[in-house]
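Here is the structure we will look at, set down as structure tokens.
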Amino acid sequence: MFAAARQCARHPAVFAISVVNEIPSDIARWSGATAVSEFIDELAGIVKSQDPECLCTFGNYPPTEYLRPKEIDFWCFNLYLHRPRPFENYLSRIQTLAEGKPLLLGEFGIDSLREGEPRKCEILNWQIELACRGGVAGVVLYSYTDEWYKDGREVVDWQFGLTTRERLAKPSYHAVKQAFATAPYHRLSRHPLVSVVVASFNGARTLKICLESLGRLNYPAYEVILVDDGSTDDTATIAAHYPQVRYVKHPANLGLSVARNTGISEAKGEIIAFTDSDCRADEDWLYYLVGDLLRGEFAGIGGPNLLPPDDSCIAAAVMASPGGPAHVLLTDRLAEHVPGCNMAFYKWVLDEIGGFDPVFRRAGDDVDICWRVQQSGYRVGFSPSGFVWHYRRSTMRDYLRQQSGYGDAEALLIRKHPERFSAIGGGIWNGRIYSASRFGVVFQQPRIYHGLFGSGFFQSLYAAQPETSLMFFTSLEYQALVVLPLFVLSAAFSFLLSLAVICLAMPLILSVTAGFQASLPAKKTRLWSRPLVALLFYLQPIVRGWARYQGRLNLNSKPLFAYENLESLSARRKDVVYDEVQYWAEQDVDRFGLLSKILQRLEKQQWPHRVDPGWRGYDIEIAGDRWSRVQLITVAEAYVGGKYLIRCRLRTAWTFLARTLFCSALAVELLGIGFWGATPRWHWLILISLFVVAGWLRIQSSHLQRIVAVFLDEVAKELKLVKLAEIPPRQPPAPPA
């Protein structure tokens with residue numbers, strides 16, 4: 001390898017060196033995937049030692065798909081699939097596996113002997129076209145002529161060549177020649193006008209790079225709209241140097257969503273693409289984004305955002321830290337979420353759902369828009385080749401400020417989409433998050449499917465998922481409710497000090513482990529890189545969590561009286577328990593019709609609610625003020641003649657904030673008793689105040705229960721359901737007439 005690398009070093013005809021080709025799967029299984037991957041890295045290191053600028057790769061194929069060397073510059077895959085759909089699907093898969101590195105098809109081809117020349121021409125034509133439309137970096141056809149050798153012997157029972165052994169051109173030669181004449185840009189079915197909207201607030205540092213990249217796009221029909229959201233830096237001066245860019249300025253900073261809505265109103269295009277001023281678009285960005293949008297049944301689409309090669313080492317550490325913009329995929333082509341720095345939607349979709357919600361001023365608008373598009377019954381796609389270069393925050397202070405903004409956005413999202421979040425505010429995703437940063441630490445080895453006796457042709461690696469549940473120990477909730485109280489209580493109860501130290505060590509150990517496991521670019525890794533990632537892993541959940549709770553407390557949450565009306569106020573004076581209400585359905589209305597109507601009314605009144613995802617013991621959870629919520633459970637009893645008795649149980653529950661308030665009050669009082677001493681015993685009487693707090697919270701919950709009961713009466717009245725007599729306390733419900 002040293003001799004070969006030395007001979008090829010700096011040779012003008014050498015584009016790259018492939019250090020190995022198609023390692024047999026049984027050998028890879030025998031030696032182990034990690035050992036083989038490290039061996040490939042070692043070979044690449046030998047090449048780099050002779051020529052640091054030489055590109056390195058290795059020839060991989062489906063039986064060893066799981067190999068993950070780190071030192072290669074691009075991925076090279078040999079792929080022999082003879083049907084369009086499997087070929088295209090697997091191409092999407094290996095592009096996802098490439099994780100932002102270029103992908104080259106090192107071998108593909110068809111045997112003339114078995115398939116015949118007409119079939120070979122057809123297959124090679126669509127293979128080249130699909131590979132190019134899929135955004136591969138290049139394709140290498142195997143082979144040029146039928147005369148070829150393996151292990152020193154001529155192969156006579158395969159005819160992969162485009163020419164015969166006598167070097168006479170086959171029909172497939174001319175078919176491939178024609179296909180390569182069009183490659184790599186095969187004409188799209190049409191070229192709809194695209195409006196590229198860049199919303200910027202004080203983004204002058206990278207704005208010039210962004211606008212220059214947008215001026216070089218390989219797409220024939222597009223316009224660029226720069227919305228200056230009240231910037232006070234040199235944004236206007238920079239924009240003046242680009243007369244082809246339509247410049248719109250807000251007199252004051254109105255927020256990211258308003259700026260993007262301004263871009264939508266100014267747009268003339270059928271498709272509206274969004275990127276940020278700290279991004280540099282790849283020249284083929286729109287070609288692949290629009291091409292995949294037109295071919296798929298999608299209402300919108302997005303792509304990856306990659307670290308620019310010229311970004312700083314601190315930015316590389318920030319990229320490996322939690323909380324960065326990431327796409328969430330349900331499949332290799334279907335997305336649950338795409339980041340706002342790289343997304344595009346049909347204009348009619350944005351008009352239909354009302355554009356971006358102005359409440360999202362700094363972040364969260366992209367999450368909200370993707371969720372609302374999907375709630376409207378549409379799908380969001382993913383284009384692995386339609387990427388932008390995204391400059392990360394270059395200082396720790398800027399990174400933490402960004403995470404604080406994300407925390408504010410999460411507070412808004414929790415209020416608007418409570419069903420998408422857990423009890424402590426963590427997002428619930430159905431898809432897999434693809435990011436350079438792991439959302440947790442990994443303690444398990446990945447599993448590889450080898451097939452029977454290691455003979456599987458498609459041998460996939462099932463990567464061990466990060467233990468996200470353990471990251472609770474790095475959360476603000478853990479620090480505030482466990483670590484801090486233990487240290488405070490240890491002042492009065494010294495035996496708790498060792499437990500407090502152990503609890504503090506947990507997040508520190510997890511953060512150090514995350515820093516050690518972080519995936520960092522080799523050229524941008526310094527001695528301090530991993531300690532910096534560990535520090536950011538420790539600080540990020542605290543800063544983001546603090547901002548999230550601040551946002552939830554500062555939100556203009558509606559008080560209970562905002563949901564009151566004359567009916568609910570009059571019901572307040574009645575001695576009635578609203579644990580359950582019942583309705584008699586004479587017409588063809590079942591409980592699903594009632595629930596559907598309830599959801600419509602809740603949406604119309606913008607009343608925050610959560611729908612049962614299938615794992616809860618209720619149908620709908622309706623939020624009240626900051627302290628209470630009601631869980632609605634329904635059941636239908638069928639009677640003769642298609643009639644129903646629909647029973648609705650209203651179960652109250654405290655919010656997370658209410659539980660936190662109660663537990664905090666309990667902790668403070670126990671701490672006070674600890675300082676005062678266990679004697680005299682009257683100190684324990686202070687705990688009676690907790691009953692006062694619990695009683696007040698119970699009153700708030702009962703008020704919400706009454707308001708929701710009246711709300712259900714109004715919905716039932718619209719559906720012409722007959723309400724049965726109100727149920728007095730401790731009496732069974734009256735039977736239906």
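- Between the OG atom of Ser265 and the CG atom of Leu350 there is a distance of 11.5 Å, given to the nearest 0.5 Å.
- Residue Leu294 comes nearest to Pro192 through the heavy atom pair CD1-CD, 4.1 Å, listed as atom of the first residue, atom of the second, then distance.
- Of all heavy-atom pairs spanning Ser628 and Gln700, the tightest one is OG-O, 3.8 Å.
- By the 6.0 Å contact criterion, CD on Glu567 is open, its count of non-hydrogen atoms from other residues, nucleotides or ligands being 12 or less.
- Using modelled atom types, one side-chain atom of Ser376 and one backbone atom of Arg372 make a donor-acceptor pair closer than 3.5 Å.
- Contacts of Pro485 classified as side chain to side chain contact (heavy atoms under 4.5 Å, CB included), with partners at least two apart in sequence or in another chain: none.
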Passes side chain to side chain contact (heavy atoms under 4.5 Å, CB included), Asp292 versus Arg333? Steps please.
CA-CA 9 Å; Asp292 288 337; Arg333 286 293 189 182; 3.3 Å; yes

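- The OH atom of Tyr578 sits 12.0 Å away from the NE2 atom of His703 when rounded to the nearest 0.5 Å.
- Side chain of Asn253 to backbone of Gly230: no donor-acceptor contact under 3.5 angstrom is found.
- Centroid-to-centroid, the aromatic rings of Phe345 and Tyr378 stay 6.0 Å apart or farther.
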Can you check side chain to side chain contact (heavy atoms under 4.5 Å, CB included) on Leu645 and Leu724, steps first, answer last?
CA-CA 9 Å; Leu645 173 64; Leu724 299 187; 3.4 Å; yes

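- Under the ring-ring contact (aromatic ring centres under 6.0 Å, His included) criterion, Phe201 pairs with no residue at all, not counting sequence neighbours.
- Shown are Asp276, Asp229, Asp357; of these, the salt bridge (Lys or Arg N to Asp or Glu O under 4.0 Å) with Arg260 is made only by Asp276.
- In this structure, Thr275 contributes its side chain and Cys341 its backbone to a donor-acceptor pair below 3.5 Å.
- In this structure, the side chain of Asn261 engages the main chain of Phe356 through a donor-acceptor pair within 3.5 Å.
- Residues meeting the side chain to side chain donor-acceptor pair (under 3.5 Å) test with Lys597, sequence neighbours left out: Glu718.
- Proximity of a side-chain donor or acceptor of Ser596 to a complementary backbone N or O of Phe592 within less than 3.5 Å is not detected.
- Between the side chain of Arg362 and the backbone N or O of Ser404 there is no donor-acceptor pair closer than 3.5 Å.
- Atom CZ of Arg649 and atom CD of Gln582 lie 11.0 Å apart (nearest 0.5 Å).
- Asn430 places a side-chain heavy atom less than 4.5 Å from the side chain of Leu330.
- Residues forming a salt bridge (charged side-chain N to carboxylate O under 4.0 Å, His left out) with Arg190 (at least two apart in sequence, or on another chain): Glu270.
- Here the side chains of Gln479 and Pro507 are in contact, with some heavy-atom distance below 4.5 Å.
- Under the side chain to side chain donor-acceptor pair (under 3.5 Å) criterion, Tyr406 pairs with Gln402, not counting sequence neighbours.
- Of the possible polar contacts, none joining the Ser257 side chain to the Asp365 backbone as a donor-acceptor pair under 3.5 Å is found.
- With contacts defined as side-chain heavy-atom distances shorter than 4.5 Å, the pair Tyr563/Phe711 does not qualify.
- For Glu714, the salt bridge (charged side-chain N to carboxylate O under 4.0 Å, His left out) test picks out Arg601, with sequence neighbours left out.
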Show the numbers, then the answer: is there a side chain to side chain contact (heavy atoms under 4.5 Å, CB included) between Asp368 and Val359?
CA-CA 11 Å; Asp368 174 65; Val359 72; over 6 Å; no

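- The side chain to side chain contact (heavy atoms under 4.5 Å, CB included) check on Glu603 picks up His609, with sequence neighbours excluded.
- Ser92 and Asp332 form no side-chain donor-acceptor contact under 3.5 Å, judged by distance and modelled atom types alone.
- Side chains of Ile264 and Val197 form no contact here, defined as non-hydrogen atoms less than 4.5 Å apart.
- Put simply, the side chain of Tyr346 reaches to within 4.5 Å of the side chain of Leu293, judged on heavy atoms.
- Remark: Leu289 CG to Phe382 CZ distance equals 10.0 Å, nearest 0.5 Å.
- Summarising the geometry of Ala299 relative to Val349, their closest heavy-atom pair is CB-CG2, 3.6 Å, with the distance given to 0.1 Å.
- Residues Val483 and Tyr478 meet the side-chain proximity criterion, which asks for heavy atoms closer than 4.5 Å.
- Heavy atoms only, all atoms of each residue included: Ala363 and Gly405 are closest at CB-O, 4.4 Å.
- Leu476 meets the side chain to side chain contact (heavy atoms under 4.5 Å, CB included) test with Ile542, Trp546, Tyr549; sequence neighbours excluded.
- We find the CD1-CD distance between Ile707 and Gln705 to be 11.0 Å, quoted to the nearest 0.5 Å.
- Judged by distance alone, with hydrogens and angles left aside, the side-chain atoms of Trp627 form no donor-acceptor pair with the main-chain N or O of Thr655 at under 3.5 Å.
- Phe662 is linked by a side chain to side chain contact (heavy atoms under 4.5 Å, CB included) to Trp654, Leu690, Val693, Ala694, counting only residues two or more places apart in sequence or in another chain.
- In this structure, Leu650 CG and Ile622 CD1 are separated by 7.5 Å, a value rounded to the nearest 0.5 Å.
- Remark: Gln605 CD is packed, more than 12 non-hydrogen atoms of other residues, nucleotides or ligands lying under 6.0 Å away.
- Two residues are said to be in side-chain contact when any heavy atoms from C-beta on lie closer than 4.5 Å; Arg698 and Thr652 meet this criterion.
- In terms of the ring-ring contact (aromatic ring centres under 6.0 Å, His included) criterion, residue partners of Trp429 (sequence neighbours excluded) are, by chain and number, His337, Trp371.
- Qualifying side chain to side chain donor-acceptor pair (under 3.5 Å) partners for Arg420, counting only residues two or more places apart in sequence or in other chains: Glu336.
- None of Leu599, Leu719, Leu712 except one satisfies the side chain to side chain contact (heavy atoms under 4.5 Å, CB included) rule with Leu594; the exception is Leu719.
- Shortest non-hydrogen contact noted between Pro384 and Pro304 is O-CG, 3.5 Å.
- Contact record, Cys648 with Tyr583: SG-CE1, 4.1 Å, taken as the closest heavy-atom pair.
- Here Thr634 pairs with Arg591, Asp619 under the side chain to side chain donor-acceptor pair (under 3.5 Å) rule; sequence neighbours left out.
- Under the 3.5 Å distance criterion, with hydrogens and angles disregarded, no donor-acceptor pair is assigned to the side chains of Asp408 and Gln550.
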